[in-house]
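Presented below is the structure to which this report refers.
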Amino acid sequence: MRVVNVEHLTKVYGHRLNRVTALNDLSFHIESGEFVGVMGPSGAGKSTLLNLIATIDQPTSGQITVAGQELTKLSDSEAARYRREDLGFIFQAFNLLPDLTVADNIILPQTFVPPVPGDLDQRLQHFADLLGLRPLLTRYPEQLSLGQRQRVAAARAMIGHPDLILADEPTGSLDSMAATELLSYLAKLNLEEDVTIMMVTHDAFTASFCNRIIFIRDGAYFAEVTRRSTRQAFFNSIIDMEATINGGDRRGEAYPH
Ligand SMILES: Nc1ncnc2c1ncn2[C@@H]1O[C@H](COP(=O)(O)OP(=O)(O)OP(=O)(O)O)[C@@H](O)[C@H]1O
């Protein structure tokens with residue numbers, strides 16, 4: 001099943017004399033259960049794309065369909081429901097509430113709209129187990145490492161069983177060990193929970209945990225790379241494509257061990 005379908009998406013910012021085409025006739029799709037990375041040089045349009053899929057902004061033309069819903073046709077209240085129920089978000093800044101425990105932070109999105117689902121505690125325990133958070137549920141965010149905080153954000157994104165998780169540089173604030181751990185957890189969630197993930201990243205190592213990378217440049221589709229064997233081989237093909245897209249050569253960059 002197709003979870004995301006982007007067709008001829010164009011976004012122009014500004015007015016007549018000061019126009020920036022952030023996305024330019026971009027088309028691609030993501031199937032259910034995929035873990036897709038979006039890469040491209042600075043200014044390529046990655047954040048714009050995330051904002052449009054999150055319905056934070058509206059396209060100038062073209063269509064985005066997520067889980068069968070054409071986003072431009074949603075009313076404000078339908079868009080709010082879509083963001084709450086169909087999407088999960090993992091950002092570089094974890095956006096945890098400092099006065100709530102880990103458990104309360106995870107279930108927070110589910111408690112905004114009553115009635116609170118009856119199986120919520122069961123789901124909390126399930127995702128706490130999957131993400132190695134069970135012993136931390138009664139702690140507060142400041143009592144956690146940065147990597148643990150991002151795992152809490154991942155559990156919060158998962159708790160409502162969204163159709164799509166949008167991750168924006170989720171490892172940006174983490175050291176390489178915590179980043180590797182988080183990415184292994186995301187890959188596990190993708191595999192075991194069959195959740196579809198779309199992740200924007202600048203980092204080839206982070207991207208190597210995906211199954212497929214879509215490269216965009218100047219707001220348009222440039223190329224894609226699909227993982228066919230080991231993560232290291234995938235990392236190498238990502239580096240090669242980055243060299244091509246940047247017109248330079250970064251081949252030979254070390255794969256972190
Ligand atoms: N609100 C805005 N008004 C005008 N131009 C904008 C706006 N937001 C983004 N842009 C422009 O649109 C283009 C795409 O920006 P976007 O932030 O989507 O790129 P990006 O790929 O996410 O870049 P980075 O990797 O640096 O975060 C850029 O040229 C940017 O300057």
Side-chain angles (χ1 to χ4, degrees), residues 4-30 34-66 71-72 76 79 82-83 87-95 146 150 153 157 164-174 176 179 182-183 186 196-210 212-225 235 237-250 253:
V4 179
N5 199 31
V6 169
E7 279 187 69
H8 305 294
L9 190 65
T10 295
K11 176 68 184 177
V12 180
Y13 288 109
H15 303 291
R16 219 156 30 96
L17 298 174
N18 186 20
R19 287 158 66 91
V20 179
T21 303
L23 293 177
N24 186 6
D25 199 24
L26 177 67
S27 299
F28 67 89
H29 62 263
I30 298 177
E34 278 198 285
F35 185 178
V36 171
V38 176
M39 299 186 82
S42 180
K46 304 177 296 293
S47 304
T48 303
L49 175 64
L50 273 191
N51 288 343
L52 295 179
I53 294 180
T55 66
I56 290 164
D57 208 346
Q58 291 285 319
T60 306
S61 61
Q63 288 182 350
I64 307 172
T65 310
V66 177
L71 302 186
T72 49
D76 285 353
Y82 158 77
R83 284 193 294 271
L87 294 184
F89 295 96
I90 308 175
F91 298 112
Q92 179 173 345
F94 320 114
N95 299 330
L146 297 183
Q150 195 58 304
L164 176 67
I165 297 227
L166 294 178
D168 191 4
E169 297 284 2
T171 56
S173 309
L174 307 181
S176 67
L182 176 79
L183 290 161
L186 287 184
T196 310
I197 307 175
M198 178 177 151
M199 173 171 75
V200 167
T201 182
H202 284 96
D203 181 56
F205 177 69
T206 299
S208 71
F209 284 77
C210 298
R212 179 163 68 103
I213 310 296
I214 297 170
F215 288 86
I216 60 177
R217 187 172 75 177
D218 299 331
Y221 178 94
F222 182 80
E224 64 182 53
V225 179
F235 172 84
S237 29
I238 294 167
I239 292 287
D240 283 349
M241 186 56 74
E242 279 193 306
T244 308
I245 204 170
N246 290 317
D249 196 347
R250 288 174 61 201
E253 184 170 313

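Counting starts at 1 for both ligands and their atoms, following the listed order.
Applying the side-chain hydrogen bond (donor to acceptor under 3.5 Å, both in side chains) test to Thr72 and every residue at least two apart in sequence or in another chain returns Glu70.
Between Gly40 and ligand 1, no pair of N/O atoms sits closer than 3.5 Å. Checking only distances, Ala22 never comes within under 3.5 Å of ligand 1, N or O to N or O.
Atom 26 (O) of ligand 1 has Ser42 OG, 2.6 Å as its closest protein atom, hydrogens excluded (heavy atom only). When only non-hydrogen protein atoms are considered, atom 15 (O) of ligand 1 lies nearest to Thr48 OG1, 3.8 Å. Regarding atom 14 (C) of ligand 1, its nearest protein heavy-atom neighbour is Gly43 O, 3.4 Å. The closest protein non-hydrogen atom to atom 31 (O) of ligand 1 is Val20 CG1, 4.8 Å. At the shortest separation from atom 17 (O) of ligand 1 among protein heavy atoms lies Ser47 CB, 3.7 Å. For atom 8 (N) of ligand 1, the closest non-hydrogen atom on the protein side is Tyr13 CE1, 3.4 Å.
With hydrogens and angles disregarded, no donor-acceptor distance shorter than 3.5 Å links the side chain of Lys11 to the backbone of Gly219.
Interatomic distance, OG of Ser208 versus CD1 of Ile213, reported as 8.0 Å (0.5 Å rounding). For the atom pair CG (Asp203) and OG1 (Thr171), the distance works out to 5.5 Å, reported to the nearest 0.5 Å.
There is a protein heavy atom less than 4.0 angstrom from atom 11 (C) of ligand 1.
A heavy-atom separation below 4.0 Å is found between His202 and ligand 1.
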Please output the side-chain donor-acceptor pairs of residues 17-27 that fall under 3.5 Å, not counting sequence neighbours, one pair per line with the distance.
{"unit_1": "Asp25", "atom_1": "OD1", "unit_2": "His8", "atom_2": "ND1", "d": "2.8"}
{"unit_1": "Ser27", "atom_1": "OG", "unit_2": "His8", "atom_2": "N", "d": "2.8"}

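By the 4.5 Å heavy-atom criterion applied to side chains, Thr10 and Pro59 are not counted as neighbours.
Residue Leu52 comes nearest to Leu71 through the heavy atom pair O-CD1, 3.8 Å, listed as atom of the first residue, atom of the second, then distance.
Atoms of ligand 1 lying under 4.0 Å from any heavy atom of Gly45, numbered from 1 in the order shown and given with element: 14 (C), 16 (P), 18 (O), 19 (O), 20 (P), 21 (O).
The aromatic rings of Phe89 and Phe91 lie parallel to each other, their planes meeting at an angle below 30°, with 60° marking the opposite boundary.
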